[in-house]
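Numbered from 1 within each chain, the chains take letters A, B, ... in sequence-line order.
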Amino acid sequence: MPELPEVETVRRGLESHVVGRTIESVHIGRERSVRRVGREAVIHGLTGAKVMAARRRGKYLLLDLDTGDLVMIHLRMSGRVLVEPIGAPRPPHTHVVCRLSERNGQHHEMWFVDPRTFGEVVVCESDDVSQVLPELDRLGPDPIVDDFSGEVLKDRLNGRRGAIKPLLLNQHVVAGIGNIYADEVLHRVRLRWNRTVDSLSTKTINALATAITEILTEAIERGGSTLEDTQYVDIDGKSGSFQDMHRVYGREGLGCLTCGKTTIRREMVAGRSTSYCPRCQK
DNA sequence: AACTGTCCCTGCAAGC
DNA sequence: TGCTTGCAGGGACAGT
């Protein structure tokens with residue numbers, strides 16, 4: 001599933017392949033992918049616009065256009081952004097196609113591909129961002145692009161109750177962590193998913209913040225995690241390799257790589273599968 | 001205000 | 001073999 005490291009990998013691809021180019025034409029194959037503002041607004045907003053920058057906050061990709069408009073792309077569960085030469089066969093579920101201006105004698109298309117159609121593409125005027133994309137204003141700090149530390153995390157957890165894992169998944173607390181990295185972070189800090197916030201010492205919260213930054217950074221360096229089912233790939237269609245470093249996620253029934261003395265257990269927590277080592281994580 | 005459960009959607013794997 | 005069922009999951013939303 002695309003989480004912060006996967007989205008960051010896509011952002012870097014956009015930076016090298018799309019920033020500086022003009023979108024010459026747009027085709028929308030499925031209305032649902034542009035449901036928020038509609039087909040006409042996306043076509044009108046993108047056509048003829050030059051992409052000036054590719055940014056990211058949490059799992060949200062943001063493209064600044066020379067027209068002053070902003071593009072938001074969210075991959076949700078199964079979205080992909082691909083850049084391929086004109087004429088390359090489009091995969092099933094290619095819902096948005098942008099023809100890019102020539103570079104080094106080559107024309108390319110940027111595709112938004114999304115089998116499960118939870119993802120979306122939004123285009124709006126910069127002045128209207130808060131109105132069209134109110135969730136951006138509610139995001140917690142991004143551990144990579146914003147200042148982030150144990151102090152910041154403690155502040156974000158202040159006033160919140162309950163189990164730590166759902167809070168790590170809450171984008172209002174910290175932006176960018178999803179199910180895979182929540183489980184991996186908790187394992188590194190040796191915390192069970194159900195540990196309550198009020199049971200965590202300052203020292204533990206500091207360690208949690210450090211693990212968040214470290215794991216996300218390591219995952220970015222490896223191009224994110226590509227799982228068997230959703231087949232996340234980067235903008236060139238290449239897989240990530242951080243899945244090889246997972247110590248709990250997707251390892252149910254396998255031996256714990258940390259203690260080597262028991263097997264990884266999995267249970268459903270708030271509708272999400274949760275993997276942990278019952279010996280290492282207390 | 002902040003928590004929990006439900007829903008959106010498709011592809012795939014497991015089970016009968 | 002071919003169907004049905006369950007699972008994967010981010011985030012908006014409704015209900016508490």
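Rounded to an integer number of Å, the gap from CG of A:Leu61 to C1' of C:dG10 is 14 Å. Regarding A:Gln171, its CD atom lies at a distance of 13 Å from the C1' atom of C:dA12, rounded to whole Å. Atom pair A:Phe112:CZ and B:dC9:C1' shows a separation of 13 Å (rounding to whole Å applied). Note: NZ (A:Lys59) to P (C:dG9) measures 11 Å, nearest angstrom. Put simply, CZ on A:Arg266 is 15 Å from P on C:dG6, counting in whole angstrom units. Rounded to whole Å, atom C1' of C:dG10 lies 16 Å from atom CG of A:Leu167. Look at CG on A:Asp183: it is 10 Å from P on C:dG10, rounded to the nearest Å. A:Arg76 places its CZ atom 10 Å from the P atom of C:dG10, with the value rounded to the nearest Å.
Listed nucleotides C:dA12, B:dC3, C:dA8 differ in distance to A:Asn170; the shortest reach to its side chain belongs to B:dC3. Taking the side chain of A:Arg272 as heavy atoms from C-beta on, and the options B:dG11, C:dG11, B:dC3, the nearest nucleotide is C:dG11. Taking the side chain of A:Glu135 as heavy atoms from C-beta on, and the options C:dG11, C:dA12, C:dG9, the nearest nucleotide is C:dA12. Closest to the side chain of A:Arg116, out of C:dG11, B:dC3, B:dC9, is B:dC9. The A:Arg32 side chain lies nearest to B:dC9 when the options are C:dG10, B:dT10, B:dC9.
In this structure, the side chains of A:Lys282 and A:Leu191 stay at 4.5 Å or more apart for every pair of heavy atoms. Residues A:Val233 and A:Arg80 are in side-chain contact: their nearest non-hydrogen atoms beyond the backbone lie under 4.5 Å apart. Two residues are said to be in side-chain contact when any heavy atoms from C-beta on lie closer than 4.5 Å; A:Gln281 and A:Leu186 meet this criterion. By the 4.5 Å heavy-atom criterion applied to side chains, A:Tyr232 and A:Val10 are counted as neighbours.
Across all strands shown, A:His172 has no heavy atoms under 4.0 Å from either base or sugar-phosphate atoms. Residue contacts for A:Arg30: at a heavy-atom cut-off of 4.0 Å it reaches the sugar-phosphate backbone alone, with no base atom in range.
Judged by closest nucleotide on DNA chain B, A:Gly159 is the one of A:Gly159 and A:Pro92 placed further toward the 5' end.
Centre separation under 5.5 Å together with a plane angle under 30° holds for the ring of A:Phe118 and the six-membered base ring of C:dG10, marking them as stacked.
At the phosphate of C:dG9, OP1 or OP2 sits under 4.0 Å from a side-chain N or O atom of A:Ser273. Note on A:His93: every side-chain N or O is 4.0 Å or more away from OP1 and OP2 of B:dC9.
The side chain to side chain donor-acceptor pair (under 3.5 Å) with A:Glu109 is formed by just one residue from the set A:His27, A:Arg99, A:Arg90; it is A:Arg90.
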